Amino acid sequence: MSIFVIVGVIAVLLALALLHFLKKPKVPERYKVTQDIDPYKIGINEIDRMEDGKDFEMYLFRLFLCLGYGDAYKTQDSRDFGTDLVFTDREGYRNVIQAKRYAVSNPVGLSAVQEVYSSMRFYRAKKSIVITSSKYTTSCEQLASYNGVKLLDRNDLIRMIELFKEQQNSKVKDIIEAEPYLSLDSWDDYRNNDKIVKKDLKAEKLVASGK
């Protein structure tokens with residue numbers, strides 16, 4: 001094999017390697033939200049491409065207005081005390097919402113429940129809701145079930161979007177306003193000492209040993 005052929009092969013290989021190195025993976029373009037956002041043009045794919053949680057909050061705000069919640073409003077970006085949106089449902093009860101635009105691989109933790117539930121008194125609300133583009137951790141679901149916080153996950157959000165685009169607003173409201181899953185015991189037995197509570201046994205041993 002001549003030296004020219006060898007050099008040619010090497011040159012081709014180097015060129016291919018350089019092209020592979022310079023080729024950048026295609027990154028989905030971010031979805032920019034504006035004040036003129038149209039909920040009819042946005043689906044779950046656009047939500048996944050949003051810049052951050054503020055865009056998701058703006059989308060939900062416009063969606064709730066389009067659903068007919070005339071008194072719905074978005075809270076301030078700072079010092080919102082755990083609430084992103086406030087609205088009054090068809091029964092006349094004020095609701096607070098925390099919006100979580102997370103990746104599917106990043107479930108929402110129990111802090112979302114703690115924050116939105118604790119903000120109810122500040123906003124004089126009767127009910128609290130968390131809406132996410134992801135899912136929830138087991139501990140988050142458990143805490144929500146004991147405190148009556150409604151959790152709407154990715155599947156619920158997709159269903160809401162589909163029904164809204166089909167102009168079935170009452171069915172979207174049915175999803176939003178449905179009663180939360182409850183697993184708490186009756187408060188009438190709060191003096192019942194038989195209820196099993198997980199304890200820190202290591203701490204109890206330290207106290208017992210006098211250390």
Side-chain angles (χ1 to χ4, degrees), residues 31 33-44 46-48 50-102 108-136 140-141 143-182:
Y31 191 86
V33 174
T34 68
Q35 292 181 343
D36 298 324
I37 184 173
D38 183 357
Y40 282 103
K41 297 180 181 179
I42 293 179
I44 195 65
E46 286 73 29
I47 290 174
D48 288 339
M50 287 178 175
E51 290 283 352
D52 52 33
K54 293 180 181 178
D55 290 344
F56 186 44
E57 293 170 18
M58 179 62 73
Y59 163 74
L60 289 177
F61 173 45
R62 296 304 298 271
L63 174 64
F64 273 63
L65 291 178
C66 289
L67 287 171
Y69 292 116
D71 67 335
Y73 68 88
K74 183 179 176 300
T75 61
Q76 301 178 84
D77 291 335
S78 61
R79 294 182 63 82
D80 60 18
F81 298 99
T83 287
D84 300 313
L85 296 165
V86 181
F87 77 98
T88 301
D89 61 29
R90 290 171 291 184
E91 294 184 354
Y93 294 120
R94 181 174 292 174
N95 291 242
V96 289
I97 296 177
Q98 183 167 120
K100 290 293 187 183
R101 194 205 68 81
Y102 282 8
V108 178
L110 55 82
S111 62
V113 171
Q114 294 170 331
E115 292 170 3
V116 76
Y117 181 78
S118 64
S119 73
M120 284 197 298
R121 282 183 177 267
F122 179 81
Y123 290 98
R124 306 294 193 271
K126 176 82 172 180
K127 302 177 181 180
S128 54
I129 305 171
V130 182
I131 302 178
T132 184
S133 57
S134 182
K135 52 187 178 180
Y136 299 96
C140 180
E141 292 176 341
L143 186 64
S145 71
Y146 273 89
N147 288 280
V149 177
K150 184 169 181 60
L151 301 181
L152 294 174
D153 62 13
R154 185 180 183 86
N155 292 332
D156 295 316
L157 179 60
I158 292 173
R159 184 58 179 155
M160 287 165 56
I161 293 171
E162 292 173 345
L163 290 171
F164 172 72
K165 291 184 177 181
E166 294 170 3
Q167 299 186 354
Q168 300 190 51
N169 290 1
S170 62
K171 291 187 177 181
V172 181
K173 290 182 177 181
D174 288 341
I175 294 175
I176 296 170
E177 299 178 19
E179 290 298 316
Y181 171 73
L182 293 174

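Quick note: residue numbers are just sequence positions, from 1. Everything numeric here is computed off the predicted structure, so don't read it as measured data.
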Over all atoms of both residues, closest heavy-atom pair of S133 and D48: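 Distance-wise, the nearest heavy atoms are CB-OD1, 4.5 Å.
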
Does some side-chain heavy atom of [Y] sit less than 4.5 Å from a side-chain heavy atom of [X]?
X: I42; Y: L63; value: no
X: S111; Y: E115; value: yes
X: Y59; Y: R101; value: no
X: T132; Y: L157; value: no

Partners passing salt bridge (Lys or Arg N to Asp or Glu O under 4.0 Å) against [X] (at least two apart in sequence or in another chain):
X: D77; answer: K74
X: D89; answer: K127
X: R94; answer: none

Tell me every residue that passes ring-ring contact (aromatic ring centres under 6.0 Å, His included) with [X], counting only those two or more places apart in sequence or in another chain.
X: Y40; value: F164
X: F81; value: F122
X: Y69; value: F64, F87

Applying side chain to side chain donor-acceptor pair (under 3.5 Å), can you list everything that pairs with [X], at least two apart in sequence or on another chain?
X: K171; answer: Q168
X: T88; answer: D71
X: S134; answer: none

Is the number of heavy atoms from other residues, nucleotides or ligands under 6.0 Å of Q76 CD greater than 12?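 Incorrect, the count does not exceed 12.
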
Neighbour count >12 (heavy atoms, 6.0 Å) for atom OH, Y93: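 It does not: Y93 OH has 12 such atoms or fewer within range.
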
Sequence-distant partners of [X], side-chain contact (heavy atoms from CB on, under 4.5 Å), two or more places apart:
X: L110; answer: Q114, S139, C140, L143
X: R159; answer: E162, L163, I175
X: A112; answer: Q98, K100, V108, V130

Step by step, would you call V113 with L151 a side-chain contact (heavy atoms from CB on, under 4.5 Å)? CA-CA 9 Å; V113 171; L151 301 181; 4.1 Å; yes

Side chain of S119, backbone of V116: donor and acceptor closer than 3.5 Å?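 Indeed, once roles are kept as given, a pair shorter than 3.5 Å links the two residues.
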
